[in-house]
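Residue numbering restarts at 1 for every chain, and letters A, B, ... go by the order of the sequence lines. Note that the structure is a prediction, hence the values are computed from the model and not measured.
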Amino acid sequence: MSTLTQEESRKRVWRVCGILAVVTAVEIAAALIHYNYMHDSPKSFLNILFVVLSAAKAYYIMSEFMHLKYELKPMVISILAPFLFLVWGIIAFLWEGHYWLSEKELWHILK
Amino acid sequence: MEAVATTNAKDLWSGGDSPFKVSYGKIMMWYFLISDTFTFAGLLISYGAIRTSQPKHDAANPLSWPDPNEVFNAGPGFHNAPLIFVTFMTFTLILSSVTMVRAVQEGHQMNRSGVLKWMAFTILGGLVFVGSQAWEWSHLIEEGMTPHGNPFGASSFGALFFLITGFHGFHVSVGVLLNSWAFISTYRGVFDRRGHYEMIEKLGLYWHFVDLVWVYVFLAFYLF
(Lines give C-alpha, C1' and ligand atoms only; values in the text may rest on other atoms or scores of the structure.)
Protein backbone atom coordinates (compact mmCIF):
# COMPACT_ATOMS: atom_id res chain seq x y z
CA MET A 1 0.00 0.00 0.00
CA SER A 2 2.80 2.33 -0.90
CA THR A 3 2.01 6.00 -1.08
CA LEU A 4 5.44 6.85 -2.41
CA THR A 5 6.11 7.59 -6.04
CA GLN A 6 8.39 5.33 -8.02
CA GLU A 7 11.24 7.82 -7.89
CA GLU A 8 10.87 8.33 -4.12
CA SER A 9 10.86 4.64 -3.27
CA ARG A 10 13.89 4.08 -5.49
CA LYS A 11 15.82 6.82 -3.68
CA ARG A 12 14.68 5.50 -0.31
CA VAL A 13 16.10 2.04 -1.02
CA TRP A 14 19.59 3.41 -1.62
CA ARG A 15 19.30 5.64 1.45
CA VAL A 16 18.42 2.62 3.62
CA CYS A 17 21.32 0.74 2.03
CA GLY A 18 23.61 3.59 3.09
CA ILE A 19 22.22 3.54 6.65
CA LEU A 20 22.74 -0.22 6.98
CA ALA A 21 26.29 0.04 5.62
CA VAL A 22 27.19 2.91 7.96
CA VAL A 23 25.71 1.15 11.03
CA THR A 24 27.65 -2.03 10.18
CA ALA A 25 30.84 -0.01 9.71
CA VAL A 26 30.30 1.66 13.12
CA GLU A 27 29.84 -1.76 14.76
CA ILE A 28 33.03 -3.13 13.21
CA ALA A 29 34.99 0.02 14.07
CA ALA A 30 33.80 -0.12 17.70
CA ALA A 31 34.71 -3.82 17.96
CA LEU A 32 38.17 -3.25 16.49
CA ILE A 33 38.91 -0.18 18.63
CA HIS A 34 37.99 -2.19 21.72
CA TYR A 35 40.13 -5.15 20.61
CA ASN A 36 43.19 -3.08 19.72
CA TYR A 37 43.22 -0.35 22.35
CA MET A 38 40.94 -1.24 25.27
CA HIS A 39 41.43 -4.97 25.41
CA ASP A 40 41.42 -5.21 29.19
CA SER A 41 38.31 -3.13 29.84
CA PRO A 42 34.97 -4.99 30.10
CA LYS A 43 32.91 -5.33 26.94
CA SER A 44 29.47 -4.90 28.53
CA PHE A 45 28.92 -1.28 27.43
CA LEU A 46 29.99 -2.17 23.90
CA ASN A 47 27.60 -5.14 23.86
CA ILE A 48 24.66 -2.86 24.72
CA LEU A 49 25.69 -0.63 21.81
CA PHE A 50 25.79 -3.68 19.49
CA VAL A 51 22.29 -4.76 20.56
CA VAL A 52 20.90 -1.27 19.94
CA LEU A 53 22.58 -0.94 16.53
CA SER A 54 21.44 -4.43 15.46
CA ALA A 55 17.88 -3.59 16.46
CA ALA A 56 18.16 -0.46 14.30
CA LYS A 57 19.31 -2.58 11.34
CA ALA A 58 16.45 -5.05 11.93
CA TYR A 59 14.01 -2.12 12.01
CA TYR A 60 15.19 -0.78 8.65
CA ILE A 61 15.22 -4.22 6.99
CA MET A 62 11.71 -5.07 8.18
CA SER A 63 10.09 -1.68 7.70
CA GLU A 64 11.60 -0.69 4.36
CA PHE A 65 12.92 -3.80 2.60
CA MET A 66 10.14 -6.11 3.78
CA HIS A 67 7.67 -3.28 3.27
CA LEU A 68 6.11 -3.69 6.71
CA LYS A 69 5.92 0.08 7.29
CA TYR A 70 3.46 0.37 4.42
CA GLU A 71 1.17 -2.51 5.44
CA LEU A 72 -1.98 -2.08 7.54
CA LYS A 73 -1.39 -1.75 11.28
CA PRO A 74 -3.24 -4.93 12.35
CA MET A 75 -0.98 -6.94 10.04
CA VAL A 76 2.15 -5.34 11.50
CA ILE A 77 0.93 -6.11 15.03
CA SER A 78 0.03 -9.71 14.22
CA ILE A 79 3.53 -10.25 12.82
CA LEU A 80 5.47 -8.50 15.58
CA ALA A 81 3.44 -9.52 18.65
CA PRO A 82 4.63 -13.18 18.72
CA PHE A 83 8.22 -11.93 19.01
CA LEU A 84 7.43 -10.67 22.52
CA PHE A 85 7.84 -14.28 23.63
CA LEU A 86 11.46 -14.04 22.54
CA VAL A 87 12.10 -11.26 25.06
CA TRP A 88 11.13 -13.71 27.80
CA GLY A 89 13.15 -16.46 26.14
CA ILE A 90 16.32 -14.39 25.99
CA ILE A 91 16.07 -13.22 29.61
CA ALA A 92 15.15 -16.68 30.98
CA PHE A 93 17.84 -18.64 29.14
CA LEU A 94 20.68 -16.19 29.72
CA TRP A 95 19.71 -16.24 33.40
CA GLU A 96 19.82 -20.04 33.29
CA GLY A 97 23.24 -19.94 31.61
CA HIS A 98 24.62 -17.77 34.41
CA TYR A 99 23.21 -20.22 36.93
CA TRP A 100 24.96 -23.15 35.20
CA LEU A 101 28.21 -21.21 35.34
CA SER A 102 27.83 -20.46 39.05
CA GLU A 103 27.05 -24.15 39.72
CA LYS A 104 30.19 -25.19 37.83
CA GLU A 105 32.25 -22.73 39.84
CA LEU A 106 30.68 -23.92 43.08
CA TRP A 107 31.62 -27.53 42.36
CA HIS A 108 35.04 -26.63 40.93
CA ILE A 109 34.27 -28.14 37.55
CA LEU A 110 36.20 -25.30 35.89
CA LYS A 111 39.90 -24.90 36.57
CA MET B 1 0.73 0.17 -7.73
CA GLU B 2 0.14 -3.36 -6.61
CA ALA B 3 -1.23 -6.12 -8.78
CA VAL B 4 -2.94 -8.39 -6.26
CA ALA B 5 -2.95 -12.01 -7.37
CA THR B 6 -6.34 -13.52 -7.99
CA THR B 7 -5.21 -16.93 -9.29
CA ASN B 8 -7.17 -19.50 -7.33
CA ALA B 9 -6.98 -17.19 -4.30
CA LYS B 10 -10.64 -17.78 -3.53
CA ASP B 11 -10.22 -21.56 -3.66
CA LEU B 12 -7.20 -21.53 -1.38
CA TRP B 13 -8.49 -18.95 1.01
CA SER B 14 -12.24 -19.67 0.96
CA GLY B 15 -12.65 -16.49 2.93
CA GLY B 16 -13.54 -13.83 0.41
CA ASP B 17 -11.37 -10.73 0.45
CA SER B 18 -7.75 -10.97 1.57
CA PRO B 19 -7.29 -9.86 5.16
CA PHE B 20 -5.05 -6.81 5.74
CA LYS B 21 -5.28 -6.14 1.97
CA VAL B 22 -2.39 -8.55 1.48
CA SER B 23 -2.55 -11.40 -1.00
CA TYR B 24 -2.78 -15.06 0.04
CA GLY B 25 0.76 -15.84 -1.11
CA LYS B 26 2.41 -13.00 0.78
CA ILE B 27 0.56 -13.79 4.02
CA MET B 28 1.65 -17.42 3.75
CA MET B 29 5.25 -16.31 3.22
CA TRP B 30 4.99 -14.15 6.35
CA TYR B 31 3.61 -17.14 8.30
CA PHE B 32 6.56 -19.21 7.19
CA LEU B 33 9.01 -16.46 8.10
CA ILE B 34 7.50 -16.07 11.59
CA SER B 35 7.94 -19.81 12.24
CA ASP B 36 11.46 -19.68 10.81
CA THR B 37 12.23 -16.75 13.12
CA PHE B 38 11.38 -18.97 16.07
CA THR B 39 13.63 -21.74 14.75
CA PHE B 40 16.57 -19.35 14.45
CA ALA B 41 15.70 -17.73 17.78
CA GLY B 42 15.73 -21.18 19.39
CA LEU B 43 19.22 -21.80 18.03
CA LEU B 44 20.55 -18.38 18.97
CA ILE B 45 19.03 -18.46 22.45
CA SER B 46 20.61 -21.90 23.04
CA TYR B 47 23.88 -20.33 21.91
CA GLY B 48 23.37 -17.56 24.48
CA ALA B 49 22.59 -20.00 27.30
CA ILE B 50 25.58 -22.25 26.53
CA ARG B 51 27.90 -19.30 26.09
CA THR B 52 26.93 -17.65 29.38
CA SER B 53 27.53 -20.99 31.11
CA GLN B 54 31.22 -20.83 30.06
CA PRO B 55 33.83 -18.56 31.61
CA LYS B 56 34.46 -15.28 29.74
CA HIS B 57 37.43 -15.15 27.38
CA ASP B 58 40.71 -15.72 29.17
CA ALA B 59 43.79 -16.67 27.15
CA ALA B 60 45.07 -18.79 30.05
CA ASN B 61 41.92 -20.91 30.34
CA PRO B 62 41.25 -23.40 27.49
CA LEU B 63 37.65 -23.83 28.75
CA SER B 64 36.82 -20.13 28.33
CA TRP B 65 34.84 -18.70 25.42
CA PRO B 66 36.99 -17.82 22.35
CA ASP B 67 37.54 -14.18 21.35
CA PRO B 68 35.92 -13.63 17.91
CA ASN B 69 38.68 -11.19 16.97
CA GLU B 70 41.17 -14.02 17.25
CA VAL B 71 39.06 -16.71 15.58
CA PHE B 72 37.82 -14.70 12.60
CA ASN B 73 41.00 -12.90 11.61
CA ALA B 74 41.70 -14.19 8.10
CA GLY B 75 40.35 -14.02 4.57
CA PRO B 76 41.44 -15.37 1.19
CA GLY B 77 45.05 -14.24 0.88
CA PHE B 78 45.34 -12.29 4.15
CA HIS B 79 45.46 -12.89 7.87
CA ASN B 80 45.88 -11.02 11.15
CA ALA B 81 43.00 -8.78 10.06
CA PRO B 82 40.20 -9.38 12.57
CA LEU B 83 36.61 -9.16 11.26
CA ILE B 84 37.58 -7.77 7.85
CA PHE B 85 36.39 -10.75 5.82
CA VAL B 86 33.07 -10.98 7.67
CA THR B 87 32.55 -7.25 7.04
CA PHE B 88 32.87 -7.97 3.34
CA MET B 89 30.34 -10.84 3.68
CA THR B 90 27.90 -8.60 5.55
CA PHE B 91 28.13 -5.82 2.95
CA THR B 92 27.58 -8.39 0.19
CA LEU B 93 24.37 -9.57 1.83
CA ILE B 94 23.11 -6.00 2.41
CA LEU B 95 23.81 -5.09 -1.22
CA SER B 96 22.05 -8.21 -2.50
CA SER B 97 19.03 -7.23 -0.38
CA VAL B 98 19.03 -3.81 -2.05
CA THR B 99 19.21 -5.29 -5.55
CA MET B 100 16.30 -7.57 -4.56
CA VAL B 101 14.17 -4.53 -3.63
CA ARG B 102 15.03 -3.01 -6.99
CA ALA B 103 13.89 -6.23 -8.73
CA VAL B 104 10.57 -6.07 -6.84
CA GLN B 105 10.14 -2.41 -7.85
CA GLU B 106 10.82 -3.22 -11.50
CA GLY B 107 8.29 -6.04 -11.17
CA HIS B 108 5.66 -3.52 -10.09
CA GLN B 109 6.38 -1.64 -13.33
CA MET B 110 6.07 -4.93 -15.28
CA ASN B 111 9.57 -4.23 -16.60
CA ARG B 112 10.92 -7.66 -17.49
CA SER B 113 14.46 -6.63 -18.41
CA GLY B 114 14.75 -4.58 -15.20
CA VAL B 115 13.69 -7.58 -13.11
CA LEU B 116 16.20 -9.78 -14.93
CA LYS B 117 19.04 -7.31 -14.37
CA TRP B 118 18.47 -6.85 -10.63
CA MET B 119 17.70 -10.53 -10.01
CA ALA B 120 21.03 -11.37 -11.66
CA PHE B 121 22.85 -9.05 -9.20
CA THR B 122 20.90 -10.59 -6.28
CA ILE B 123 21.84 -14.13 -7.30
CA LEU B 124 25.46 -13.07 -7.75
CA GLY B 125 25.49 -11.53 -4.24
CA GLY B 126 24.05 -14.74 -2.79
CA LEU B 127 26.67 -16.85 -4.53
CA VAL B 128 29.50 -14.61 -3.32
CA PHE B 129 28.16 -14.87 0.23
CA VAL B 130 27.83 -18.68 0.18
CA GLY B 131 31.26 -18.96 -1.43
CA SER B 132 32.77 -16.74 1.27
CA GLN B 133 31.17 -18.87 3.94
CA ALA B 134 32.56 -22.02 2.32
CA TRP B 135 36.01 -20.43 2.40
CA GLU B 136 35.63 -19.47 6.06
CA TRP B 137 34.44 -22.95 7.04
CA SER B 138 37.30 -24.71 5.27
CA HIS B 139 39.77 -22.24 6.78
CA LEU B 140 38.47 -22.91 10.31
CA ILE B 141 38.44 -26.67 9.71
CA GLU B 142 42.08 -26.40 8.63
CA GLU B 143 42.83 -24.55 11.85
CA GLY B 144 41.46 -27.56 13.70
CA MET B 145 37.89 -26.52 14.50
CA THR B 146 35.42 -29.44 14.70
CA PRO B 147 31.94 -29.81 16.23
CA HIS B 148 33.58 -31.23 19.35
CA GLY B 149 36.70 -29.18 19.83
CA ASN B 150 38.75 -26.23 18.60
CA PRO B 151 42.10 -24.60 19.38
CA PHE B 152 40.49 -21.30 20.42
CA GLY B 153 38.65 -22.27 23.62
CA ALA B 154 35.35 -23.80 24.77
CA SER B 155 34.53 -26.87 22.65
CA SER B 156 30.83 -25.95 22.24
CA PHE B 157 31.90 -22.90 20.23
CA GLY B 158 32.68 -25.05 17.16
CA ALA B 159 29.44 -27.04 17.35
CA LEU B 160 27.31 -23.90 17.68
CA PHE B 161 29.23 -22.07 14.95
CA PHE B 162 28.83 -24.87 12.41
CA LEU B 163 25.19 -25.48 13.37
CA ILE B 164 24.00 -21.88 13.25
CA THR B 165 26.07 -20.47 10.36
CA GLY B 166 25.38 -23.74 8.52
CA PHE B 167 21.64 -23.38 8.98
CA HIS B 168 21.85 -19.77 7.81
CA GLY B 169 24.05 -20.72 4.84
CA PHE B 170 21.52 -23.40 3.95
CA HIS B 171 18.83 -20.69 3.86
CA VAL B 172 21.01 -18.52 1.61
CA SER B 173 21.65 -21.48 -0.72
CA VAL B 174 17.93 -22.26 -0.96
CA GLY B 175 17.33 -18.56 -1.65
CA VAL B 176 19.88 -18.60 -4.49
CA LEU B 177 18.17 -21.66 -6.01
CA LEU B 178 14.69 -20.11 -5.74
CA ASN B 179 15.94 -16.80 -7.14
CA SER B 180 17.59 -18.62 -10.05
CA TRP B 181 14.33 -20.42 -10.75
CA ALA B 182 12.48 -17.07 -10.65
CA PHE B 183 15.12 -15.59 -12.97
CA ILE B 184 14.52 -18.34 -15.52
CA SER B 185 10.73 -17.99 -15.19
CA THR B 186 11.04 -14.23 -15.70
CA TYR B 187 13.24 -14.79 -18.74
CA ARG B 188 10.65 -17.18 -20.18
CA GLY B 189 7.93 -14.59 -19.63
CA VAL B 190 5.92 -16.64 -17.12
CA PHE B 191 5.15 -13.65 -14.88
CA ASP B 192 4.32 -11.40 -17.83
CA ARG B 193 1.72 -13.93 -18.97
CA ARG B 194 0.43 -14.21 -15.39
CA GLY B 195 -0.02 -10.45 -15.34
CA HIS B 196 1.94 -9.77 -12.14
CA TYR B 197 5.35 -10.27 -10.57
CA GLU B 198 4.12 -11.27 -7.12
CA MET B 199 6.47 -14.26 -7.06
CA ILE B 200 9.43 -11.86 -7.02
CA GLU B 201 7.86 -10.05 -4.04
CA LYS B 202 7.43 -13.29 -2.09
CA LEU B 203 11.01 -14.35 -2.80
CA GLY B 204 12.03 -10.82 -1.82
CA LEU B 205 10.45 -11.28 1.63
CA TYR B 206 12.38 -14.53 2.05
CA TRP B 207 15.63 -12.98 0.89
CA HIS B 208 15.35 -9.99 3.26
CA PHE B 209 14.59 -12.40 6.08
CA VAL B 210 17.89 -14.18 5.38
CA ASP B 211 19.60 -10.78 5.61
CA LEU B 212 17.73 -10.04 8.86
CA VAL B 213 18.84 -13.32 10.44
CA TRP B 214 22.42 -12.56 9.45
CA VAL B 215 22.24 -9.34 11.51
CA TYR B 216 21.74 -11.53 14.59
CA VAL B 217 24.15 -14.32 13.63
CA PHE B 218 26.75 -11.61 13.04
CA LEU B 219 25.90 -10.05 16.42
CA ALA B 220 26.11 -13.34 18.32
CA PHE B 221 29.26 -14.82 16.78
CA TYR B 222 31.36 -11.93 15.52
CA LEU B 223 30.55 -8.89 17.68
CA PHE B 224 29.76 -10.09 21.20
Looking at B/W214, B/F209, B/F218, B/F161, which hits ring pair (Phe, Tyr, Trp, His ring centres under 6.0 Å) with B/H168?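 That would be B/W214.
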
Partner chain A: residue of [options] with the largest heavy-atom pair count (under 4.5 Å):
options                    : answer
B/I34, B/V98, B/V101       : B/V98
B/P68, B/P55, B/G48, B/S46 : B/P55
B/L95, B/I84, B/I94        : B/I94

Toward chain B, the part of [X] with a non-hydrogen atom under 4.5 Å:
X     : value
A/V76 : neither
A/L68 : side chain
A/W95 : neither

Tell me, side chain or backbone of B/F224 under 4.5 Å from chain A's heavy atoms, or both, or neither?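 Its backbone and side chain both get close to chain A.
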
Can you tell me which portion of B/F38 sits under 4.5 Å from chain A's heavy atoms? Options are side chain, backbone, both or neither.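 Answer is side chain: those atoms of B/F38 sit under 4.5 Å from chain A.
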
Do B/R102 and B/E106 meet the salt-bridge criterion of a basic N to acidic O distance under 4.0 Å?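 Yes, B/E106 and B/R102 are salt-bridged.
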
Do B/E198 and B/K26 sit within salt-bridge range, that is, some charged N less than 4.0 Å from a carboxylate O?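 Looking at B/K26 together with B/E198, the answer is no, because their closest N to O distance does not fall below 4.0 Å.
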
Please check: side-chain N/O of A/N36 versus main-chain N/O of A/L32, any donor-acceptor pairing under 3.5 Å?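 Yes, A/N36 side chain to A/L32 backbone: donor-acceptor pair under 3.5 Å.
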
Donor on one side chain, acceptor on other, B/S97 and B/H208, under 3.5 Å: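 Side-chain D/A pair, B/S97 to B/H208: present.
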
Under a 3.5 Å cutoff, is there a donor and acceptor pairing between the side chains of B/Y197 and B/D192?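 Side chains of B/Y197 and B/D192: pair found under 3.5 Å.
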
Of A/H98, A/E103, A/E96, which is the lone residue that meets side chain to side chain donor-acceptor pair (under 3.5 Å) with A/W100?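 Running side chain to side chain donor-acceptor pair (under 3.5 Å) over A/H98, A/E103, A/E96 with A/W100 returns exactly one hit, A/E96.
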
Identify the residues of residues 55-63 of chain A whose heavy atoms come closer than 4.5 Å to a heavy atom of chain B, ordered by number, or report 'none'.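 Contacts with chain B: A/A55, A/K57, A/A58, A/I61, A/M62.
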
